[in-house]
Amino acid sequence: MGILRVYLAVCVVAAHSEKVLPWAMHSGREAVQIFFIVSGFYMQFVLASGKYGSVLSFYRSRILRIYVPYFLVLLCVVGMSFCWWGLGFGGWLTLSQTVDLREGVSFSSAFAAFTNFSLIFQDWVMFLESSPEGMLQFSQNFQNSEKPLWLYLWIPQAWSVGVELAFYALAPVLVSKLSWKRVALVALASLVLRVWFYSMTGLTNDPWSYRFFPFELSNFLLGMLGCRLMLSNPLYFRKLRKRSAAFCNYLGWCTIPYFGACLLLFLFGHTHLSSILHRSSVEHFDLLAWGAGQLLMALWVIIIPILFTLSRDLKWDRNLGELSYPVYLLHFTIALIVGAYCSRFNVPMLQGEFTTLTVLVLSYLLQRVFLQPFETWRQRVAGGYS
């Protein structure tokens with residue numbers, strides 16, 4: 001699972017930078033949606049395990065897990081922005097819109113500042129723009145907006161964390177109150193709502209394609225169903241886990257490249273099938289292609305429990321997976337810096353590789369120096385392990 005999570009984070013890096021691997025990767029949208037499925041799987045697993053004594057302890061664990069790394073990276077982003085401006089490069093990176101004093105302080109900028117520090121409603125920012133009077137107004141497509149509100153976000157990609165928070169708020173109820181059949185029905189209702197909305201409005205573009213929580217709820221629920229599949233078949237997955245452990249002992253140091261190669265081969269095939277199914281224009285909603293794409297996404301209901309079982313006892317894989325969140329939070333600012341340097345030295349072809357390498361190194365340092373000691377404390381205080 002660690003390899004998968006880092007791969008998905010690198011897919012998002014590539015989406016905001018340049019090509020990273022010499023072969024096709026999942027798009028940023030697909031990577032985020034698979035992240036949502038993984039999140040649903042883990043939340044079902046930790047809540048069903050009874051590790052948390054109460055719902056409040058679950059919420060406390062999630063808050064610590066999300067906010068401490070976020071604020072640490074936010075400090076890094078602010079520091080890098082000040083250094084970038086202080087060194088005379090012109091601009092403040094992702095803080096540029098915020099520090100533009102010509103705009104003054106408006107309700108829109110104040111709302112964006114609130115989301116920067118709270119993460120609450122940050123996903124809503126992607127559906128809003130600033131009016132000429134500085135008030136909030138709805139935008140059907142922020143890419144066509146004159147003043148999209150997301151420009152005020154210091155870590156723009158953290159909008160997906162806002163979607164995650166909405167799911168975390170519902171997770172205890174979904175796990176404890178709904179049978180697997182009802183979970184499947186709610187997931188189906190989310191898909192039907194998406195189809196109805198696309199058909200009635202024609203809004204199949206970003207941000208409606210993967211940023212609207214009622215539509216994305218189906219992905220979280222797919223992850224929950226995958227976990228319930230694993231938990232309801234303990235004998236099979238226990239045998240799979242034992243065989244995996246024996247096989248890893250047999251492979252020795254070859255375990256990492258073997259599992260990595262097998263997973264990347266599957267991801268390569270999944271990527272190409274996804275690209276074929278998503279070739280239809282965003283102006284015309286192709287129900288057949290979209291439905292086939294959803295069936296392809298539903299494969300993760302089976303794949304994720306198997307990956308989790310195979311990698312559950314691999315400490316190096318867990319440690320690798322811990323880098324995914326810092327990588328996700330850091331990469332946008334790093335991509336801006338690396339992109340500027342690559343343009344200056346005329347090496348744009350290496351922008352993706354340089355960005356990825358820099359983000360991985362910085363994420364590793366943050367993880368080892370700050371986040372790893374904190375995580376040990378969090379698990380002891382909050383009683384959770386994910």
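Heads up: numbering here begins at 1 and tracks the sequence.
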Of all heavy-atom pairs between [X] and [Y], which one has the smallest distance, and what is that distance?
X	Y	value
Tyr70	Thr115	OH-O, 4.4 Å
Thr271	Leu267	OG1-O, 2.7 Å
Ala187	Ser218	O-CB, 3.6 Å

* Take the angle between the ring planes of Phe107 and Phe111 and call it parallel below 30°, perpendicular above 60°, tilted in between. =>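 Parallel.
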Using the six-membered ring wherever Trp is involved, compare the ring planes of Tyr198 and Phe215 and label them parallel, tilted or perpendicular (cut-offs 30° and 60°).
->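 Correct class here is perpendicular.
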Check: [Y] main-chain N/O paired with [X] side-chain donor or acceptor under 3.5 Å:
X	Y	answer
Asn219	Phe36	no
Asn233	Arg228	no
Ser54	Ser57	yes
Asp123	Phe213	no
Ser108	Met135	yes
Arg5	Gly321	yes
Ser363	Leu360	no
Glu129	Ser139	no
Gln33	Glu30	no
Ser17	Ala14	no

[X] and [Y]: same hydrophobic cluster, using ILVMFWY side-chain contacts below 4.5 Å?
X	Y	result
Leu188	Leu178	no
Phe266	Leu264	yes
Tyr236	Phe308	yes
Val192	Phe197	no
Ile120	Val161	yes

Kindly give the cluster partners of Leu56, where membership spreads through any ILVMFWY side chain lying under 4.5 Å from a current member.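 Direct or chained contacts put Leu56 with none.
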Answer whether the closest heavy-atom distance between the side chains of [X] and [Y] falls below 4.5 Å.
X	Y	value
Leu240	Phe237	yes
Leu174	Val183	no
Ser131	Leu136	no
Leu366	Cys76	yes
Gln44	Val175	yes
Val195	Leu191	no
Pro305	Phe41	yes
Leu8	Leu4	yes

Any side-chain donor near an acceptor of the partner, [X] and [Y], under 3.5 Å:
X	Y	result
Gln372	Gln367	no
Tyr52	Ser61	yes
Asn319	Glu322	no

Pair up each side-chain donor or acceptor in residues 82-96 with any protein partner under 3.5 Å, not counting sequence neighbours, and list the distances.
{"unit_1": "Thr94", "atom_1": "OG1", "unit_2": "Trp154", "atom_2": "O", "d": "2.8"}
{"unit_1": "Ser96", "atom_1": "OG", "unit_2": "Trp92", "atom_2": "N", "d": "3.0"}
{"unit_1": "Ser96", "atom_1": "OG", "unit_2": "Leu93", "atom_2": "N", "d": "3.4"}
{"unit_1": "Ser96", "atom_1": "OG", "unit_2": "Leu93", "atom_2": "O", "d": "2.9"}

Can you check side-chain contact (heavy atoms from CB on, under 4.5 Å) on Met1 and Ile304, steps first, answer last? CA-CA 8 Å; Met1 290 292 284; Ile304 288 178; 3.7 Å; yes
Nearest-0.5 Å distance, [atom1] of residue [X] to [atom2] of residue [Y]:
X	Y	atom1	atom2	answer
Asn116	Phe114	CG	CZ	11.0 Å
Arg29	Cys11	CZ	SG	12.0 Å
Phe370	Leu75	CZ	CG	9.5 Å
Met297	Gln294	CE	CD	6.5 Å
Glu216	Phe35	CD	CZ	14.0 Å
Leu203	Gln140	CG	CD	5.0 Å

In short, side chain to side chain donor-acceptor pair (under 3.5 Å) pairs touching residues 325-341 with sequence neighbours left out are His16-His331, Ser160-Tyr328
Quick note, side chain to side chain donor-acceptor pair (under 3.5 Å) partners involving residues 169-184, not counting sequence neighbours, are none
Who are the ring-ring contact (aromatic ring centres under 6.0 Å, His included) partners of Phe354, not counting sequence neighbours?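 In terms of ring-ring contact (aromatic ring centres under 6.0 Å, His included), with neighbours along the sequence ignored, Phe354 is linked to no residue.
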### Query
Stepwise, does the salt bridge (Lys or Arg N to Asp or Glu O under 4.0 Å) test hold for Arg65 with Glu375?
CA-CA 8 Å; Arg65 174 79 166 176; Glu375 185 63 16; 3.2 Å; yes
For [X], look at atom [atom1] and say whether over 12 heavy atoms of other residues, nucleotides or ligands are found less than 6.0 Å away.
X	atom1	result
Tyr67	OH	yes
Arg368	CZ	no
Gln137	CD	yes
Gln143	CD	yes

- Task: Please assess Ser209 against Asn205 for the test side-chain contact (heavy atoms from CB on, under 4.5 Å), listing each intermediate value before the final yes or no.
- Result: CA-CA 6 Å; Ser209 56; Asn205 55 273; over 6 Å; no
>> Centre-to-centre under 6.0 Å for Trp208 and Phe127, is that the case here?
In response: yes
Can I get a per-line list of side-chain donor-acceptor pairs under 3.5 Å for residues 163-171, giving both atom names and the distance, sequence neighbours left out?
{"unit_1": "Glu164", "atom_1": "OE1", "unit_2": "Ser39", "atom_2": "OG", "d": "2.7"}
{"unit_1": "Glu164", "atom_1": "OE1", "unit_2": "Tyr168", "atom_2": "OH", "d": "3.1"}

Do Phe332 and Ile155 pass the side-chain contact (heavy atoms from CB on, under 4.5 Å) test, and can you show the C-alpha distance, the side-chain angles, and the key distance before you say yes or no? CA-CA 7 Å; Phe332 195 87; Ile155 306 180; 6.0 Å; no
### Steps toward side-chain contact (heavy atoms from CB on, under 4.5 Å) verdict (Leu222, Trp300)
CA-CA 8 Å; Leu222 283 178; Trp300 293 103; over 6 Å; no
